[in-house]
Amino acid sequence: RWTERFPVARLPFFGDLAAAALASFLAFVLRMAVDGHLPPGFPFLTFFPAVILTAFLLGSRAGAMTAILSGLLAWYRFIPPDGFELNEGSAVALTFYAFITATEVALVHWMQRANRLLLAEREANARLAETRELLFRELQHRVSNNLQVVAALLTVQRKQVTDPTARDALDEAARRLSVIGRISRQLYDPQGSGQKLQPFLDEIARDVIEASGRSGIRHEVSAATEANLAPDAAIPMALVVAESISNAIEHGFAENQSDCRVTIRLAAPAKDRLAVEVEDNGAGLPAGFSLKQSDSLGLRIATMLAGQLGGTFSLQPAPGRGALARLDLPASV
């Protein structure tokens, strides 16, 4: 992009004229110095570079002035016969010089004009990208707020319902909407690129634990792979992990349990597979528990979303104490 810096200065008319006179004079002095070392001809040898450099540094007007002054100096001193005499030979030489210098100045002008247009387009694109990101984040913020409002409305509606089953359903719906609202701000990148899974999972865990209203719950996220998450897979994975953590908090940890821990592990059991494990140190699963026979809506949702990702969801007793939820899915999501 160094060419975008040219011309380095924009001078007024007389400034360009003075610069052109100086460049022509220096080219004339240099041509005089090498005159005795050159074979006959080459009257414009040092003047061509002077025209190009002036046009590059100061613009096409200064370049055109340099071309005119240099042409006059070359005609006067280096095109025989000396002086401003015009014959067939000098006319051909001057025509050749005028064509070459006009082409030089025109090419430099077109290149600099194209660079200016390119720079303006790049700056406009940068402003549009900034505006798009701002609007995107504002949209995410509003979606999150709207979901939180819907969750609050369901909570208010619950107070008017007397049926225990309906109250529990409204509680579950309000909780899920609240969790989705909390994590929706980070589900997508406005650039459309994938997200690093470890910080993504850490933010989900923080939001779910905060939404639960329980204090004293610690969480840890470890990753054995630097996997990325495609934007289309963000919501399903977030909901599966959030449901697993919520299930551990609601059903795993007793009210009087002081040491409550949730451990989230990201691993790559095979080259083309990913695994996300959510393990808690709660009371564990009830005897004879079967995921297929469970009537838990949250677990059914997690199983369905895992299938949408081309993976599987399982819930089993942890090796020590508590429960272990595992999401297996292709590494390409």
With a 4.5 Å heavy-atom cut-off, do Met111 and Asn115 have their side chains touching?
yes
Atom CZ of residue position Arg10 - does it have more than 12 heavy atoms of other residues, nucleotides or ligands inside 6.0 Å?
yes
Approximate separation, where rounding is to 0.5 Å, of Glu123 CD and Asn125 CG:
10.5 Å
Using a 3.5 Å distance criterion without hydrogens, assess whether the side chain of Thr54 forms a donor-acceptor pair with backbone atoms of Val51.
no
Do we get Arg31 above Phe78's six-membered ring, with its NZ or CZ under 6.0 Å from the centre and within 45° of the axis?
yes
Flag the pair Arg265 and Glu279 as a salt bridge only when some basic side-chain nitrogen lies within less than 4.0 angstrom of an acidic carboxylate oxygen.
yes
From Phe84 CZ over to Leu94 CG, what is the distance, rounded to the nearest 0.5 angstrom?
10.0 Å
Run through Phe47, Phe48, Trp75, Phe42 and flag the one making a ring-ring contact (aromatic ring centres under 6.0 Å, His included) with Tyr97.
Phe48
Spatial distance of atom CZ (Phe28) from atom CZ (Arg77) [nearest 0.5 Å]:
6.5 Å
Pairwise distance SG(Cys260) to CZ(Arg214) - rounded to 0.5 angstrom
5.0 Å
Can you confirm whether Ile264 sits close enough to Ile245 that some side-chain heavy atom of one is under 4.5 Å from a side-chain heavy atom of the other?
yes
Would you mind reporting whether Phe44 and Ile79 have side-chain heavy atoms less than 4.5 Å apart?
yes
So, Ser70 side chain and Ala67 main chain: donor-acceptor pair closer than 3.5 Å or not?
no
Considering only NZ, NE, NH1 and NH2 on the basic side and carboxylate oxygens on the acidic side, decide whether Asp259 and Arg218 come within less than 4.0 Å.
yes
Going by heavy atoms in the side chains, are Ser60 and Val105 under 4.5 Å from each other?
yes
With His219 as reference, evaluate Asp202, Thr263, Asp280 under the side chain to side chain donor-acceptor pair (under 3.5 Å) test and give the passing residue.
Asp202
Do Ser24 and Thr66 have side-chain atoms, one donor and one acceptor, less than 3.5 Å apart?
no
Member of Thr303, Leu299, Leu315 meeting the side chain to side chain contact (heavy atoms under 4.5 Å, CB included) criterion with Ser294
Leu299
Any side-chain to backbone donor/acceptor pair from Arg326 onto Val278? Under 3.5 Å, distance only.
no
With rounding to the nearest 0.5 angstrom, report the CZ to CD distance, Arg167 to Gln160.
10.5 Å
Once you round to the nearest 0.5 Å, how far does OG of Ser290 lie from CD of Gln316?
12.0 Å
Polar side-chain atom of Gln257 near backbone of Asn281 as donor-acceptor pair, under 3.5 Å:
yes
Cut-off 3.5 Å, side chains only: do Ser244 and Asn247 have a donor facing an acceptor?
no
Would you indicate whether the side-chain heavy atoms of Ile301 and Leu239 approach each other to under 4.5 Å?
no
Side-chain contact test, heavy atoms from C-beta onward, threshold under 4.5 Å: evaluate it for Arg273 versus Pro330 and give yes or no.
yes
